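The block underneath contains the structure these notes are about, expressed in structure tokens.
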Amino acid sequence: MKRTHTCGELRPESIGQTVTLAGWAQNIRDHGGVLFIDLRDRYGLTQINMDMDSPDVLALMKDVRAEWVLQVTGVVKGRGEENVNPKLATGEIEIRVDTFKVFSESLVVPFEIDEYSKVGEEHRMKYRYLDMRRPQMQKNLAARHRITHAIREVMNAEGFIDIETPILAKSTPEGARDYLVPSRVHHGHYYALPQSPQIFKQLCMVGGCDRYYQIARCFRDEDLRADRQPEFTQLDLEMSFADQEDVFAVTEKCMVAAFKAGIGKDITPPFPRMTHADAMNRFGCDKPDLRFGIELHEVCDLAAKSEFKVFKTVLESGGMVKGLAIPGGAEFSRRVMDTELLDVAKPYGAKGLAWVKITDEGYAGAPVKFFDQATLDALAARLGAKKGDVMAFVADKKSVVNASLAAIRNDLGHRLNLIDNNEFNLVWITEFPLFEWDAEDNRWASSHHPFTNVNPEDEKTLFTAELGADSELGNIRSSSYDLVLNGVELASGSVRIHDPKMQTRVFEILGISGEEAKERFGFFIDALKYGTPPHAGIAPGIDRLTAMMLGYDNIREVIAFPKNTRAICPMSEAPGTVSPRQLRDLGIREVEEK
RNA sequence: GCGGUAGUAGCUCAAUUGGUUAGAGUACCGGCCUGUCGAGCCGGGGGUCGAGGGUUCAAGUCCCUUCUACCGCGCCA
């Protein structure tokens, strides 16, 4: 036993006992004749001290420096009323050192291991093992553990079994770029790291496992964001003889338990629901932040009544005009409207932001002269704009209008302080379209993934629709759903196809030929033919869930060893080069960059 | 691939219009100190101002190129 207690547990009840603690020297306060060291481990801080009554030990302890690892044996003493430190859980006691041992010394650390110092993220990640000693990361990692543990408890209680699926898997068409692993025994053949265990979990259903879950690592070789890492973790689950309602119920149980365990927060199921079409119409995006109001309204009919050229041109070319009311926005300067808000919308393709202020004197703004009073009143009524507000419009093709106004809406939520940071607003978004037209590749693509079932009401259309760009395929709804938390996609799932004929039809629409389907997915399509139960599932992102609970936008905060935005691990410097021998074994020759 | 922001001491930052020897806090080193707890006081060391080029009597500051990090767009079934 290297210690009898941790640095966080001693209380006055132990006064008089001889104990042994071990930990890092956090802070050394040398007063000449008396010396204090805060000894730190995962559990807390305990003050140890020494004075001139043992000058030899004191002299030795004066050599100790920050972050040395010590073992200390001594007697637990009360501190006396004046010396109690109310900030420390162990603040009523201290350890009077009899003997101590230095387990290891430390170099001067590149940044301070405390709760106060700000440190740049680059440094934190390069020295993650030191960053992890700081209270912030200790807290984050512990919270993540509590969350996954709570989720496992729910899943186990609900009769799900944890099944591991391969990491060395097979590349599947559609979706993100794969991370590939070359095969040594089969030159020219590659494993793909799973983007998700999708096919395997469905095969578990075919295999009669009935309820599967896994806290699974997923890999996607795409560019990174604050909330996107090349490897990330999902609670992956799948249920047989289940539909959307069953998935929602069990996911809600997980979320309730996760929030309770993570941050002690009670959230109330069932979560509200909104169709994808509603979300797009009212908020311009499929992951609306419902912590605040402000809704988008289509105004094509009213815009058409104006002589405003921007609107007319867009409408004539098949575009649309939508607007929103900014409460109190009449106060906004021209700069805010024409520069700041426009800059928010620009990355999404908006070329301009038309706005009309409603002041005591009436309507004001560049477009006003192109409208008659009745139309302006009708616009204000449609948007719900009052005196003191400003109406903001974007005219463009539909996707640009929605994306731009959605971005502006989110900006306004922050700008106008409409957001309560303690609120966790969960909403189900349902009935996503089954397909989206991919203009770049000139083909239909799955909105969710190719194994998503059609909404039963649209099943007929699926089999009768033409395959062209303008066909009804774009209107077909799927049985898929997302769980959205405060404007962030937290989980995505669907009822799956269990009928091989349906699966074949979907592949056909996606332009995956029978031959290619056989080559890529033959095993899966074959499996469906051997008696497949109806099944459905979902996969909530653990990194995002944890980060959001703890108030971070950035999932690196809740990942022990994350990668930077260039997909490099700043600590290990992965990815690295390999020896020519390794490449030869794999049958790989590097080519010169152009 | 594109756009934005940033890069100055180990760390976090400041440096006015281009103008003296580039500063502060903290960390580090030394000294003093018997009750501190983000200890205090005194002293000290520490800089390729990301890199390269240019303009200028003079550049941390202006211009160009480039690198790095972060945020976003594209991308992410």
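From a predicted model like this one, the values you see are computed outputs, not experimental measurements. These values consider heavy atoms only, across backbone and side chains, with no hydrogens, waters or symmetry-generated copies. Chain letters run A, B, ... following the sequence lines, proteins first, then strands; residues in each count from 1.
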Reading nucleotides 5-13 of chain B 5' to 3', which nucleotides get B (base under 4.0 Å from a protein heavy atom), which S (sugar-phosphate only), which -? -----BSS-
Considering only the P atoms, how many Å lie between B:U21 and B:U16, rounded to the nearest integer? 16 Å
May I ask you to decide if A:Ala574's main-chain N or O and A:Ser572's side chain share a donor-acceptor pair within less than 3.5 Å? yes
Rounded to whole Å, CD of A:Glu440 lies from C1' of B:G1 at a distance of 12 Å
Residue mapping more 5' on RNA chain B - nearest nucleotide basis, A:Gly91 or A:Arg228: A:Gly91
Whole-angstrom distance between B:A24 and B:U17, as gauged at atom C1': 24 Å
Would you sort out whether A:Val247 and A:Tyr481 count as a side chain to side chain contact (heavy atoms under 4.5 Å, CB included), showing the intermediate values? CA-CA 10 Å; A:Val247 173; A:Tyr481 34 80; 3.6 Å; yes
Quick one: list whatever passes ring-ring contact (aromatic ring centres under 6.0 Å, His included) with A:His31, sequence neighbours left out. A:Phe36
Closest non-hydrogen contact found for A:His123 with A:Val119 is CB-CG1, 4.0 Å
What residues in residues 507-514 of chain A put a non-hydrogen atom under 4.0 Å from any atom of RNA chain B? none
Any side-chain donor paired with an acceptor under 3.5 Å for A:Thr461 and A:Asp458? no
Quantified in whole Å, what is the P atom distance between nucleotide B:G25 and nucleotide B:C42? 11 Å
Sorted by number, residues from residues 554-576 of chain A placing a heavy atom under 4.0 Å from RNA chain B are A:Asn554, A:Arg556, A:Asn564, A:Thr565, A:Arg566
Between A:Glu222 and A:Arg177 (salt bridge meaning N to carboxylate O under 4.0 Å), is one present in this structure? yes
Between P on B:G38 and CG on A:Asp114, what's the gap in Å once rounded to a whole number? 10 Å
For nucleotides B:G4 and B:G10, find the distance between their C1' atoms and express it as a whole number of Å. 30 Å
A:Glu436 CD to B:C76 P, in whole Å, measures 10 Å
Could you tell me whether A:Thr452 contacts a base, only the sugar-phosphate backbone, or nothing, with contacts defined as non-hydrogen atoms closer than 4.0 Å? nothing
Scan A:Lys126, A:Arg124, A:Arg556 and name whichever one has a salt bridge (charged side-chain N to carboxylate O under 4.0 Å, His left out) with A:Asp131. A:Arg124
Do the side chains of A:Arg544 and A:Glu489 get close enough for a salt bridge, i.e. N-O under 4.0 angstrom? no
Gap in Å between the two P atoms, one belonging to B:C67 and one to B:G30, rounded: 43 Å
When you check the phosphate oxygens OP1 and OP2 of B:U26, does a side-chain N or O of A:Tyr116 lie under 4.0 Å from one of them? no
Can you tell me how far P of B:G50 sits from CD of A:Glu122, to the nearest Å? 14 Å
Sugar-phosphate means primed atoms, P, OP1 and OP2; the rest is base. With that split, encode nucleotides 29-36 of chain B 5' to 3' as B, S or - using protein heavy atoms under 4.0 Å. SS--BBBB
How would you label the contact of A:Lys346 with the nucleic acid (heavy atoms, under 4.0 Å): base, sugar-phosphate, or nothing? nothing
Whole angstrom value for the distance that separates P of B:A69 from CG of A:Leu224: 11 Å
Does A:His449 have any ring-ring contact (aromatic ring centres under 6.0 Å, His included) partners at least two apart in sequence or in another chain, and if so, which? A:Phe451
Report the distance from atom CG of A:Leu342 to atom P of B:G72, rounded to the nearest whole Å. 20 Å
Using a 4.0 Å heavy-atom cut-off across all strands, classify A:Phe451 as base, sugar-phosphate, or nothing. nothing
Stems formed with participation of RNA chain B [Watson-Crick or G-U wobble, under 3.5 Å, three or more pairs]: B:1-7 with B:67-73, B:10-13 with B:23-26, B:28-32 with B:40-44, B:50-54 with B:62-66
Cut-off 3.5 Å, side chains only: do A:Asp178 and A:Tyr190 have a donor facing an acceptor? no
Candidate pair A:Gln136 and A:Glu557, rule side-chain hydrogen bond (donor to acceptor under 3.5 Å, both in side chains), full reasoning: CA-CA 9 Å; A:Gln136 181 183 345; A:Glu557 291 293 344; 3.0 Å; yes
Please determine whether a side-chain nitrogen of the Lys or Arg among A:Arg134 and A:Glu112 lies less than 4.0 Å from a carboxylate oxygen of the Asp or Glu. no
Using whole Å, report how far CD of A:Gln234 lies from C1' of B:C76. 12 Å
So salt bridge (charged side-chain N to carboxylate O under 4.0 Å, His left out) across residues 435-447 of chain A, not counting sequence neighbours, yields A:Glu174-A:Arg443
According to the side chain to side chain donor-acceptor pair (under 3.5 Å) rule, which pairs have a member within residues 33-47 of chain A, sequence neighbours left out? A:Gln26-A:Arg40, A:Arg29-A:Asp38, A:Arg29-A:Gln47, A:Arg40-A:Glu67, A:Gln47-A:Glu94
Touch check for A:Ala176, heavy atoms < 4.0 angstrom, all strands: base, sugar-phosphate only, or nothing? sugar-phosphate
If the condition is side-chain hydrogen bond (donor to acceptor under 3.5 Å, both in side chains), which residues does A:Ser471 pass it with, not counting sequence neighbours? none
Would you mind writing out the side-chain donor-acceptor pairs for residues 69-77 of chain A within the sub-3.5 Å range, not counting sequence neighbours?
| residue | atom | partner | partner atom | Å |
| --- | --- | --- | --- | --- |
| A:Gln71 | NE2 | A:Lys2 | O | 2.8 |
| A:Thr73 | OG1 | A:Thr20 | OG1 | 2.9 |

Which whole-number value in Å describes the distance from A:Glu115 CD to B:U26 C1'? 15 Å
For A:Phe283, which residues count as a ring-ring contact (aromatic ring centres under 6.0 Å, His included) partner, sequence neighbours excluded? none
Taking every non-hydrogen atom, the tightest pair across A:Gln138 and A:Met132: NE2-O, 2.7 Å
